[in-house]
Amino acid sequence: MTGDVSGKKDLHGIGAAVPDKMRAWVLGDPEELTLVDKPVPVPGRAEVLVRIDAVAICATDLEILTYGTPAMIEGGPPFNKNYTPGHEYMGTVAALGPGVDEFAVGDRVTVEIHAGCGQCKRCRMGMYTSCHNYGLNYGAQDKGHRANGFTTDGGFAEYAVNNINTLIRVPDAMSDEEATLVVTAGTSMYGLTELGGLVAGESVVVIGPGPIGLLAVAVAKALGAAPVILVGTRESRNAIGRELGADHVIDARNEDVVARVKELTGKGADYVVDCAGSEATVNQAVAMTNRGGKICLAAFPKNAVSFNLGALAVNNIYLYGIRGEGRSATHRAMAFMEAGRFDASLIHTHTFPLDDLPTALRYARERIDDAIKVVVSTRPGVPGGAKAG
C-alpha cells in the first residue's frame with residue numbers, strides 16, 4: 001500500500017512507507033490459529049491506520065477462540081473466515097484516512113473496541129456498545145458499526161484500521177504494555193459510571209480479582225469510595241487488590257462473605273460490582289447490597305441462574321448489566337492513569353512477541369506463573385515501548 005490513502009502523497013508511513021502486507025494471526029477451526037500474510041487495510045473517512053505495537057489478551061478472546069461468540073463475522077461464527085481476533089491493543093498512527101486532522105502520523109494511541117453505527121437509537125443515546133446494528137457490516141450490507149476483534153479484524157496483527165472516535169492518545173511516559181490496559185480500566189470505569197458515577201464516601205464491593213475486578217478496585221478508590229472491599233479466593237491477586245487500594249479483602253474460601261460485608265458496612269454495600277459472574281456470586285451480590293443500593297454485572301454466567309429476584313424488589317435494589325467500555329469511559333480511565341491515581345501495570349504479568357501468541361494464550365488460559373494480564377508485543381525490548389518479559 002504505497003499509493004494515496006489520504007488525498008495527499010507520502011502520508012502513509014512512520015519512517016519507511018507502510019508495507020502492502022502484514023503478519024496476522026487468523027482463526028480457522030476452534031482453537032486453530034495460523035500466522036499468515038494479509039493485506040494491510042486502508043483507512044477510510046474518519047479512520048486511521050494503527051501500527052499495532054502491543055495487544056493484551058482478554059478472557060473474551062479465549063472464549064471467541066473456543067466458542068466463536070460474541071464475535072460475529074459475515075453474519076455468523078468467526079471460524080474459517082480469514083478473521084483476526086484481539087481487541088485490547090495500542091500502537092502508533094501510521095496513516096490517515098480522507099479528511100482526518102484530529103490525529104497525526106506518529107501519534108501513540110490506545111483504542112476502544114466499539115465504534116457504533118451512530119444512527120440507531122442506542123448510539124444516539126451514547127450507548128454505542130449496545131448498538132442495534134452490531135455485526136451488520138458484511139456483504140452488501142454495511143450499517144456502519146465496527147467492533148474490532150469482534151465484528152471486524154482485531155489486534156493480533158501488525159496493523160488495524162480504527163475510527164477516530166475509538167482512539168485515546170497515550171502519554172509519552174506510559175509504556176506500551178500499560179497502554180493496552182486502558183480498555184480494562186475503562187470497562188471498570190463504565191460499570192461505576194452506570195451505577196451513578198459519584199461514589200465518593202459510598203461503600204463499594206468488588207467480587208472477583210480478575211483484571212476488570214482489580215482495576216474496578218483501583219477506579220473505585222480513585223473516585224473516593226470508602227470503604228472499598230475486594231472479595232477473592234487467590235491470595236496473590238488479593239495482595240494486588242490491596243496495592244490498588246482495597247481497604248478490606250475478604251477470602252471467600254474462609255469467610256462468610258455476606259456477613260463480613262455487612263459487618264464492615266453496617267447495613268450492606270451501597271454498590272456491588274460482580275466481576276466473577278457465577279450463580280454463587282450473583283446471589284452474594286443480592287444478599288450483601290443495602291436497601292436502595294446498586295449492583296453491576298461486569299461478568300455474566302454462561303447459563304441461566306437462580307437468584308432471589310424478590311429481594312431486589314422488596315429492597316429497592318437496582319441491577320445493571322454492562323457490555324464493554326462504553327460512554328467514553330476509556331478516556332476517563334486514561335485521565336486517572338496519566339495522573340498516577342493508580343498503577344494499572346500491577347496487573348500486567350507477562351509479555352511475549354507476536355510470533356509466540358499461542359504460548360501467550362496458553363499462559364493466559366491456564367494462569368501459568370499466576371498470569372493475570374498477558375501482553376503480546378510486535379516490538380519487545382524497544383526502549384520506551386513494551387518490555388520483554
Side-chain angles (χ1 to χ4, degrees), residues 53-59 88-91 108-112 168-193 199-200 204-232 234-249 273 275 298 325 329-352 360 363-364 367 369-377 380-389:
D53 296 331
V55 53
I57 295 172
C58 175
E88 294 185 348
Y89 58 89
M90 62 77 60
R108 294 177 74 223
V109 293
T110 190
V111 303
E112 291 193 38
I168 304 101
R169 285 184 173 82
V170 175
D172 291 341
M174 184 175 289
S175 73
D176 290 355
E177 293 164 314
E178 185 176 0
T180 67
L181 304 176
V182 172
V183 165
T184 306
T187 302
S188 303
M189 178 71 78
Y190 183 32
L192 289 164
T193 297
V199 298
V204 174
V205 176
V206 178
I207 303 175
I212 293 174
L214 289 171
L215 291 189
V217 167
V219 171
K221 190 67 174 180
L223 289 169
V228 178
I229 303 168
L230 174 64
V231 178
R234 298 170 68 89
E235 178 50 37
S236 59
R237 297 194 177 199
N238 289 347
I240 294 173
R242 293 187 186 93
E243 288 189 71
L244 287 169
D247 298 297
H248 305 280
V249 174
V273 184
C275 299
E325 67 313 348
T330 46
H331 291 267
R332 297 191 294 281
M334 174 61 86
F336 274 176
M337 291 167 65
E338 184 176 6
R341 299 292 296 274
F342 56 83
D343 183 4
S345 67
L346 289 171
I347 72 169
H348 164 248
T349 55
H350 299 78
T351 298
F352 293 89
Y363 267 64
R367 299 179 179 176
D369 291 342
D370 204 20
I372 303 177
K373 217 43 165 165
V374 179
V375 173
V376 173
S377 174
V382 173
K387 311 302 188 290

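Just so you know, these numbers come straight off a predicted model, no measurement behind them. Along the sequence shown, residues carry numbers from 1.
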Asks: Under 4.0 Å between a Lys/Arg side-chain N and an Asp/Glu carboxylate O for E178 and K373?
Replies: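 So E178 does not pair with K373 through a salt bridge.
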Asks: What do the steps show when you test E338 against R169 for salt bridge (Lys or Arg N to Asp or Glu O under 4.0 Å), and what is the final call?
Replies: CA-CA 10 Å; E338 184 176 6; R169 285 184 173 82; over 6 Å; no
Asks: Pairs in or reaching into residues 211-220: which pass side chain to side chain donor-acceptor pair (under 3.5 Å), with residues at least two apart or in two chains?
Replies: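 Residue pairs passing side chain to side chain donor-acceptor pair (under 3.5 Å), neighbours aside: none found.
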Asks: What heavy-atom pair brings V219 and F336 nearest, and what distance separates the two atoms?
Replies: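 Minimum heavy-atom contact is O-CE1, 4.4 Å.
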Asks: Rounded to the nearest 0.5 Å, what separation is found between the CG atom of L223 and the OG1 atom of T193?
Replies: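 Interatomic distance, L223 CG to T193 OG1, rounded to 0.5 Å: 7.5 Å.
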Asks: Can you give me the closest heavy-atom contact between V182 and A333, atom names plus distance?
Replies: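 That would be O-CB, 4.3 Å.
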Asks: Using a 3.5 Å distance criterion without hydrogens, assess whether the side chain of D53 forms a donor-acceptor pair with backbone atoms of M90.
Replies: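 Side chain of D53 to backbone of M90, a donor-acceptor pair under 3.5 Å: no, none is there.
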Asks: Quick check: closest heavy atoms across C275 and G213, and the distance to 0.1 Å?
Replies: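 That closest heavy-atom pairing would be SG-CA, 3.6 Å.
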Asks: How far apart are the C-alpha atoms of L214 and V206, what are their side-chain angles, what is the distance that settles it, and do they pass the side-chain contact (heavy atoms from CB on, under 4.5 Å) test?
Replies: CA-CA 8 Å; L214 289 171; V206 178; over 6 Å; no
Asks: Do M337 and F342 pass the side-chain contact (heavy atoms from CB on, under 4.5 Å) test, and can you show the C-alpha distance, the side-chain angles, and the key distance before you say yes or no?
Replies: CA-CA 6 Å; M337 291 167 65; F342 56 83; 3.6 Å; yes
Asks: Do D172 and R108 meet the salt-bridge criterion of a basic N to acidic O distance under 4.0 Å?
Replies: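 Not counted as a salt bridge, because no side-chain N and carboxylate O are separated by less than 4.0 Å.
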Asks: Looking at every heavy atom in both S188 and I212, which two are closest together, and how far apart are they?
Replies: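 Looks like OG-O, 2.8 Å.
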Asks: Please answer whether the main-chain N or O of A371 pairs with a side-chain N or O of D369 as donor and acceptor at a distance below 3.5 Å.
Replies: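 Pair absent, no side-chain N/O of D369 close to backbone of A371.
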Asks: Check whether any side-chain heavy atom of L230 sits under 4.5 Å from a side-chain heavy atom of R237, and report yes or no.
Replies: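 L230 vs R237: side chains apart.
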Asks: What verdict does the side-chain contact (heavy atoms from CB on, under 4.5 Å) test give for I57 and E88, after you've listed the backbone C-alpha separation in whole Å, the side-chain angles of each residue and the deciding distance to 0.1 Å?
Replies: CA-CA 7 Å; I57 295 172; E88 294 185 348; over 6 Å; no
Asks: Give the minimum heavy-atom separation between V375 and A54, together with the two atoms involved.
Replies: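 So the minimum-distance heavy-atom pair works out to CG1-CB, 3.9 Å.
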Asks: Measure the shortest side-chain to side-chain distance between M189 and E325 over non-hydrogen atoms and say whether it is less than 4.5 angstrom.
Replies: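 No; the side chains remain at least 4.5 Å from each other.
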Asks: Any side-chain donor-acceptor pair under 3.5 Å between E112 and T330?
Replies: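 A pair is found: one side chain offers a donor N or O, the other an acceptor, under 3.5 Å apart.
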Asks: Keeping the roles fixed (side chain from T110, backbone from T180), state whether a donor-acceptor pair exists under 3.5 Å.
Replies: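 It does not hold such a pair.
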Asks: Say whether, by atom type as modelled, one donor and one acceptor occur between the side chain of T349 and the main chain of I372 under 3.5 angstrom.
Replies: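 Here the side-chain-to-backbone pair exists.
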Asks: Sub-3.5 Å donor-acceptor pair from the side chain of H348 to the main-chain atoms of H350, do we have one?
Replies: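 Such a contact is found between H348 side chain and H350 backbone.
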Asks: Assess whether side-chain contact (heavy atoms from CB on, under 4.5 Å) is satisfied between V111 and I168, documenting all intermediate values.
Replies: CA-CA 6 Å; V111 303; I168 304 101; 5.9 Å; no
Asks: Write down the atom of K221, the atom of D247, and the distance for their closest heavy-atom approach.
Replies: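 Looks like NZ-OD1, 2.7 Å.
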